Amino acid sequence: MSRKVTGIGGIFFKVKDPDATKSWYAQNLGLNVDRYGTAFEWRSTENPDQKGFSQWSPMKEDTSYFEPSTKDFMVNYRVENLPKLLEELKRNGVRILDEIQEFEYGKFVHILDPDGHAIELWEPNDEVYDQLTEGRTKS
């Protein structure tokens, strides 16, 4: 069996005031935030010279980004070979919410789990993401 999920790509959650939430986390827990939240920077165990990122983002409680899910959070999973994984998910009857979208920092698609949680799958381009990320929290 090939690897599917390789790690957590991000956590997105609904809050009343994203800026106040980011400020609270910056002041009390030391997160270095930008307009999106923070990107936790880490190193690959297989290739310690390679950086990876996990995004943390509070979002307005009325965001439609998680729809059709009505849950208050969404997890983003880092994956390899998203097109191949998407084919397998379709064969398994997984509810696919959209088509793969490609950006310079990676490919994305959204699915629902059996409990109605929106899941974002991300095949990252960490080199480009590294150049775009302003707020980052390092270990």
Side-chain angles (χ1 to χ4, degrees):
M1 174 159 102
S2 63
R3 282 188 355 171
K4 294 178 182 176
V5 170
T6 62
I8 301 292
I11 300 171
F12 304 86
F13 57 100
K14 296 178 183 181
V15 298
K16 288 183 196 264
D17 185 342
D19 289 332
T21 298
K22 289 183 283 187
S23 293
W24 186 92
Y25 276 86
Q27 178 182 354
N28 294 293
L29 297 178
L31 300 188
N32 182 16
V33 298
D34 62 14
R35 64 185 175 152
Y36 300 109
T38 193
F40 288 96
E41 180 180 314
W42 44 267
R43 299 287 175 164
S44 168
T45 55
E46 294 174 3
N47 181 359
D49 292 333
Q50 181 181 351
K51 292 179 189 176
F53 299 92
S54 297
Q55 182 65 37
W56 174 92
S57 294
M59 302 176 86
K60 295 242 353 134
E61 63 186 351
D62 63 354
T63 184
S64 61
Y65 194 65
F66 305 168
E67 290 181 0
S69 176
T70 58
K71 308 296 184 180
D72 288 336
F73 69 92
M74 178 179 70
V75 177
N76 168 303
Y77 292 103
R78 295 169 59 94
V79 301
E80 295 176 339
N81 197 341
L82 186 55
K84 183 177 178 183
L85 175 57
L86 190 58
E87 289 175 15
E88 186 174 334
L89 294 174
K90 287 178 181 177
R91 283 193 304 272
N92 290 342
V94 173
R95 183 165 175 201
I96 312 296
L97 300 178
D98 51 14
E99 299 294 322
I100 293 175
Q101 295 181 321
E102 292 191 42
F103 301 92
E104 58 185 328
Y105 52 91
K107 299 174 188 171
F108 296 85
V109 74
H110 299 87
I111 64 174
L112 283 183
D113 76 5
D115 295 307
H117 295 100
I119 296 172
E120 185 172 61
L121 301 175
W122 174 33
E123 182 181 329
N125 180 335
D126 286 316
E127 291 177 14
V128 172
Y129 195 79
D130 186 22
Q131 296 169 16
L132 298 174
T133 303
E134 293 175 23
R136 66 178 72 202
T137 302
K138 300 179 183 183
S139 58

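Everything numeric here is computed off the predicted structure, so don't read it as measured data.
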- Between the OG atom in Ser69 and the CG atom in Leu97, the distance rounded to the nearest 0.5 Å is 9.0 Å
- Message: Please evaluate residues Trp24 and Leu29 with respect to the criterion side-chain contact (heavy atoms from CB on, under 4.5 Å), reporting the C-alpha separation (whole Å), side-chain torsions for both, the decisive distance (0.1 Å), and the verdict.
- Response: CA-CA 8 Å; Trp24 186 92; Leu29 297 178; 3.9 Å; yes
- Gln50 backbone acceptor or donor facing Ser44 side chain under 3.5 Å: no
- Do Tyr65 and Glu120 get their side chains close enough for a donor-acceptor pair, meaning under 3.5 Å? yes
- OG1/Thr6 to CD/Glu123 distance, rounded to the nearest 0.5 angstrom? 9.5 Å
- Derivation and outcome, side-chain contact (heavy atoms from CB on, under 4.5 Å), residues Leu89 and Ile96: CA-CA 8 Å; Leu89 294 174; Ile96 312 296; 4.0 Å; yes
- Please answer whether the main-chain N or O of Asn32 pairs with a side-chain N or O of Thr137 as donor and acceptor at a distance below 3.5 Å. yes
Pair up each side-chain donor or acceptor in residues 11-19 with any protein partner under 3.5 Å, not counting sequence neighbours, and list the distances.
unit_1 : atom_1 : unit_2 : atom_2 : d
Lys14  : NZ     : Lys71  : O      : 3.4
Asp17  : OD1    : Asp19  : N      : 3.2
Asp17  : OD1    : Ala20  : N      : 3.2
Asp19  : OD1    : Lys22  : NZ     : 3.3

- Task: Evaluate the side-chain hydrogen bond (donor to acceptor under 3.5 Å, both in side chains) criterion for residues Glu127 and Tyr105: first the C-alpha distance (whole Å), next the side-chain angles of each, then the deciding distance (0.1 Å), finally the verdict.
- Result: CA-CA 8 Å; Glu127 291 177 14; Tyr105 52 91; over 6 Å; no
- Task: With sequence neighbours excluded, tell me which residues meet salt bridge (charged side-chain N to carboxylate O under 4.0 Å, His left out) with Asp72.
- Result: none
- Aromatic ring proximity, centroids under 6.0 angstrom, Tyr36 and Trp56: no
- Message: side-chain contact (heavy atoms from CB on, under 4.5 Å), that's the test. Do Leu85 and Val5 meet it? Break it down for me.
- Response: CA-CA 10 Å; Leu85 175 57; Val5 170; 5.8 Å; no
- For Thr63 and Met59, indicate whether the former's side chain and the latter's backbone hold a donor-acceptor pair under 3.5 Å. no
- Starting from the C-alpha separation in whole Å, work towards a yes-or-no answer on side-chain contact (heavy atoms from CB on, under 4.5 Å) for Val75 and Ile119. CA-CA 5 Å; Val75 177; Ile119 296 172; 5.7 Å; no
- Message: Going by side-chain hydrogen bond (donor to acceptor under 3.5 Å, both in side chains), name the residues that satisfy it together with Ser57, two or more places apart in sequence or in a different chain.
- Response: Gln55
- Task: Can you tell me which residue pairs pass the side chain to side chain donor-acceptor pair (under 3.5 Å) test with a partner in residues 90-100, sequence neighbours excluded?
- Result: Asp98-His110
- Task: Flag the pair Tyr77 / Ile8 as yes when at least one side-chain heavy-atom distance between them is below 4.5 Å, and no otherwise.
- Result: yes
- Item | Residues which pass side-chain hydrogen bond (donor to acceptor under 3.5 Å, both in side chains) with Arg136, listed by chain and number, not counting sequence neighbours | Glu41, Asp130
- Message: As a quick check of understanding, evaluate ring-ring contact (aromatic ring centres under 6.0 Å, His included) for His117 and Phe73, giving each step before the final call.
- Response: CA-CA 8 Å; His117 295 100; Phe73 69 92; 5.1 Å; yes
- Item | Reported CD-to-CG distance for the pair Glu80 and Leu121, which is rounded to 0.5 angstrom | 13.0 Å
- Item | Thr38 side-chain N/O to Leu31 backbone N/O, donor-acceptor pair under 3.5 Å | no
- Message: Salt bridge or not between Glu88 and Lys4? Use side-chain N to carboxylate O under 4.0 Å.
- Response: yes
- With sequence neighbours left out, what residues match Asp49 under side-chain contact (heavy atoms from CB on, under 4.5 Å)? Asn47
- Task: Please step through ring-ring contact (aromatic ring centres under 6.0 Å, His included) for the pair Phe53 and Trp122, ending with a clear verdict.
- Result: CA-CA 11 Å; Phe53 299 92; Trp122 174 33; 8.2 Å; no
